[in-house]
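Beneath this line is the structure, given in structure tokens, with notes to follow.
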Amino acid sequence: MDIPKTYDPKQAEASHYARWEEEGCFAPEINKDAQAPVYSIVIPPPNVTGSLHMGHALQHTLMDVLTRHKRMCGYRTLWLPGMDHAGISTQLVVTRELKKQGLSRHDLGREKFIERVWQWKHESGGQILAQMRREGASVDWSRERFTMDEGLSRAVREVFVRLYDEGHIYRGDRIVNWCPNDQTVLSDLEVDKVPQAGKLYYLRYPLKDQNGNDGGEQRALTVATTRPETMLGDTAVAVNPEDERYRELIGATLLLPLVGREIPIVADEFVDPEFGTGAVKVTPAHDPNDYEMGVRHNLAQVVVIDRDARMTEAAGEGFHGLDRYKARDKVVQEFEALGLLEKVVDYEFSISKCERCKTVIEPLISTQWFCKMDQMRDLALELMTKRKTPQFVPEVPYEKVYTTWLENLRDWTISRQLWWGHQIPAWYSADDIVIVARSEAEARTKLSNIERLTDAKRQELRDKFLKSGDVLRFDVIQREQEREWLMQDPDVLDTWFSSALWPFSTLGWPDETADLKTFYPTSVLVTARDILSLWVSRMVMTGMKFMDREPFAFVFVTGTILDKQGQRMSKTRLNGVDPLDVFEKYGVDATRLVLASIGSTDTRWNDNQVESYRNFANKIWNAARFCLLNSEGAKVSENAFTKESSQLALHDRWILSRLNRTARDVHNAIENYQFHEAVQTLYHFFWDDFCDWYIELTKAEVTAEEASPERDVARTRLISILEQALRLLHPFMPYITEELWQRLPGVDESLLHPAYKGAHATIMLTRFPPGDAALIDERAETEMQAVIDLISRVRNIRSEMNIKPGERLTLIVNSQDENLRGVYEASRDQIARIARASDIKIGEGLTVPRAAARAILVGGAEVCVPLEGLIDFAQETARLNRELEKLQKEAGTLEKQLANPQFVERAPAEKVNELRERLDDIARRTGTLRQTLEALK
RNA sequence: GCCCGCUUGGCUCAGUGGUAGAGCACUCGCUUCACACGCGAGGGGUCAAUGGUUCGAAUCCAUUAGCGGGCACCA
């Protein structure tokens, strides 16, 4: 048999995925058990423009571990993959491509541009899905979805129409976040607040002289602003009604400098008298708070900044056409020239920037579509209050973040001025009737049912349109000839509108499909925390509204992967680690173990960790290599331990116990999303228990030269334990486990979980070892521990005494405990082999030569290694005295605690007994030690 | 400003009301016939500080400091 000494991950990674996929192992249909419980996960759809980063790899690993584990437990599993059309990013990518050819999207026109985006999607989009195959993600590719698919688009229209018909969606003029670069509105969540060092300008607005007398010192009111250019659109100054300084001025009139407009001084609670001068300039058209004040005081809205962030005609002769920042400088200069600039102070404030292009947002009044969230919000909050669903993992802090966010929810701006996305299913008739429908045909039907307007009314509306042509952002006049024309709203919906429906739209909603019935609600959502409000909460709200069920019971929130300095990995910082590079260097399985260990904690990325798991993979490889090199006559069996377990040798009972305990613990850890614990448990079981001890303990039997039934039995047990261990590792390390499993003798379809009858043999469809409590053998573990302790102490003596590794020793083991002696006796050969002893004497009160190194064992037993000529008696006495001291100190603490009546009275009896037992053991050991020291004198 | 989290050996991180853990790094010894990506044996932490609750606190509570996150405001 030819097995390389070092594991080559690439070879395994190239071999198995395609076969799993071709044989349909990922699809729920592979499960033939009609009664099988269902487990489903929908992937957080990555952007079609995206490529794999560590955050994805982390999420995907966790989802894959969960899915593979449940699949091996016999569940009908579905992990549904797909992508998000990512409105703005995608449009930008394609626009950039066009630009290289000297074209703008307007050159192509909307229809051609969208065709072009689809073409781009087919050619270069969805790179990330190919990368997911490398990760080993066991997703059902036959159910892949895209948010712009016809089915999902239909769901979007359906939801829009229903929400509109119920009055939750409306259209109106509001102050919105406008990105002058992307030329679209953004929701509050798509805006970053960035702290910035800026200036606060104190501007003086002269009071209009009531007497018409210009003489004497002009009285003025000073306002403070960070955006002087907006003063051109001021229509009032506000002060707090309680502010003594300005009380008399309320109702007075100011003369707005540079513009000459007369503006009132109004009183408004919003104004904080402590800030600035306590007087606020009010620009209703360019600031959200001023907008609100404008509504309260019925102020005019003067638009002075346009969609390109340039000054409008209304800004006045000298400013029209200027960029907003040029205008700022000019305003300041002119105020200074007029002596109206009181002062300029440094001031740090937050500025709103577009999340994507980092352009400074311009608040503008604009006609947009909005979605009222109150009803859906209440549904989600009720779900949390009454049923504590979804359950967040970890619960702290996410449940609170989620709930607080919901409680403070405001209307959602859902329209976007883009071409790529779901076009809003609203049509306008020539006579300004808005029709929301699932299709243009339905819109026409609806329109025909509406009582039409008189010609006079139409004419009036047409005139209105002509005057404020911008309102609907399309040319009414040209198209108005035909009475029956309908124009669809040119805007598209926020990308998150379609993602909000993802858990049910992907399963076929609004049709009542079999998939929808089977897989909704899904089992768990695994996601990053930054889209908790953007996405997670909205899925809950739409799920409750349209499905009447929560979309998922659990939300697992992954940690953030940071760089070595503790900074977030980001494209702009260029500090990201590419998962594909890590796969290349250390292998996918090793990387997956690191990611699984990260789970929900924020972690600084460190290649060392991957390296250590790469070593672990190699350890698995070599353990398997040993088993395979000694596998003649053996065959993997699920019933390798058929003898009554009491008749099995200690090391067999022990490994069986360890295996089942590990299986149980790993199963529980995965069920409770304790991925780190699962990995640790597996690591130590495989390396410490299986490799370091079991293989060594069974080595003699397994490597016997002569073939014999005993050898076959030992080999079968060894390889069967290995097979079970590989199954336990499989959800975390799919490639190496499959690679090795396929090489084991005797693996075939008969090992598959009964639910997968008829499938080809693969480890991914075997049964996950259930962890049989009946096979967890406390006694075997305790007894084995005694043997391990004995061997370790002898090794310690070898090391401390500098005894050559090849040197064979004589061991004298004294114990008053008959059972313990029996245990040592039964393991005599193994102890001799592993501790490298030529002779072992086991007894009670055996004489020990004075020249011997000694160690005290559990239960007060003593092991002595006669070392004629090597013992420095003074040194040995000192060493043993140190140990005695340590024991006495510990005994002291325990005695003190046990002497405390309050402890004995109040602590649980179990605890008290435990302490007593420990004290007894220490007493036994101390006794032995004292005798030993006596003998040395 | 409000809310929340974190602070454990040199590094990255687990953990828990009842004797401080892992991996890496470090020291010593090993070509022991699966593995030097290895084997064996070690050293190293008063679990951020202070105060409290408790028979018992690294673990629970309060305060402080440092770091991080979320939300709001910023004229």
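A, B, ... follow the sequence lines: proteins, then strands. Residue 1 opens every chain.
- The side chain of A:Ser792 lies closest to B:A41, out of B:G23, B:A41, B:G15.
- Closest to the side chain of A:Val401, out of B:G38, B:G70, B:C74, is B:G70.
- The two atoms that bring A:Thr403 and A:Glu399 nearest to each other are OG1-O, 2.6 Å, heavy atoms only.
- With a cut-off of 3.5 Å on both pairing distances, B:A58 has no Watson-Crick or G-U wobble partner at all.
- For the C1' atom pair drawn from B:C24 and B:C67, the interatomic distance equals 24 Å after rounding to whole Å.
- Across the protein-nucleic acid pair, A:His684 atom NE2 and B:G23 atom P stand 5 Å apart, rounded to whole Å.
- Straight-line distance from the CG atom of A:Asn608 to the C1' atom of B:G23: 9 Å, rounded to whole Å.
- Atoms CD1 (A:Ile803) and C1' (B:G29) sit 12 Å apart, rounded to a whole Å.
- Counting only heavy atoms from C-beta on, A:Thr603 has its side chain closest to B:U12 among B:G42, B:U12, B:C37.
- Within a 6.0 Å radius of CZ in A:Arg296, other residues, nucleotides and ligands contribute more than 12 heavy atoms.
- When distances are taken from the side chain of A:Pro908 to each of B:G18, B:C39, B:A22, the shortest belongs to B:G18.
- Counting only heavy atoms from C-beta on, A:Asn618 has its side chain closest to B:C37 among B:C13, B:C37, B:A41.
- One can place CD1 of A:Ile598 at 9 Å from P of B:C13, the figure rounded to the nearest angstrom.
- Across all strands, A:Gln897 comes closer than 4.0 Å to base atoms (heavy-atom distances).
- Nucleotides B:A25 and B:G40 place their P atoms 16 Å apart, quoted to the nearest Å.
- To the nearest angstrom, C1' of B:U8 lies 13 Å from NE2 of A:His676.
- A cation-pi arrangement is present between A:Lys699 and A:Phe626, with the terminal nitrogen or guanidinium carbon under 6.0 Å from the aromatic centre and inside a 45° cone about the axis.
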- Would A:His684 and A:Asp689 satisfy side-chain hydrogen bond (donor to acceptor under 3.5 Å, both in side chains), going step by step from the backbone distance to the final call? CA-CA 7 Å; A:His684 291 294; A:Asp689 296 342; over 6 Å; no

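- Taking atom CG of residue A:Asp272 and atom C1' of nucleotide B:C73, one finds them 10 Å apart after rounding to whole Å.
- The partner of B:U63, taking Watson-Crick or G-U wobble pairs whose two distances both stay under 3.5 Å, is B:A49.
- Nearest to the side-chain atoms of A:Trp687 among the listed nucleotides B:G23, B:C11, B:G38 stands B:G38.
- Of all nucleotides present, none satisfies the Watson-Crick or G-U wobble test against B:C35 with each distance under 3.5 Å.
- When both distances must be under 3.5 Å, the Watson-Crick or G-U wobble mate of B:A41 is B:U27.
- For residues 280-291 of chain A, the pairs satisfying salt bridge (charged side-chain N to carboxylate O under 4.0 Å, His left out) are A:Asp234-A:Lys281, with sequence neighbours left out.
- A:Trp621 places a side-chain N or O within donor-acceptor distance of the main-chain N or O of A:Pro4, the cut-off being under 3.5 Å.
- Among the nucleotides B:U12, B:A34, B:C35, the one closest to the side chain of A:Lys699 is B:A34.
- Comparing B:C3, B:C74, B:A22 by their closest approach to the side chain of A:Tyr347 singles out B:C74.
- In this structure, B:G1 forms a base pair with B:C71, meeting either the Watson-Crick or the G-U wobble geometry with both donor-acceptor distances under 3.5 Å.
- B:C60 and B:G17 have their C1' atoms separated by 8 Å, given to the nearest Å.
- Distance, A:Arg529 CZ to B:C6 P: 13 Å, rounded to whole Å.
- Nearest to the side chain of A:Asn289, among B:C74, B:C4, B:A34, sits B:C74.
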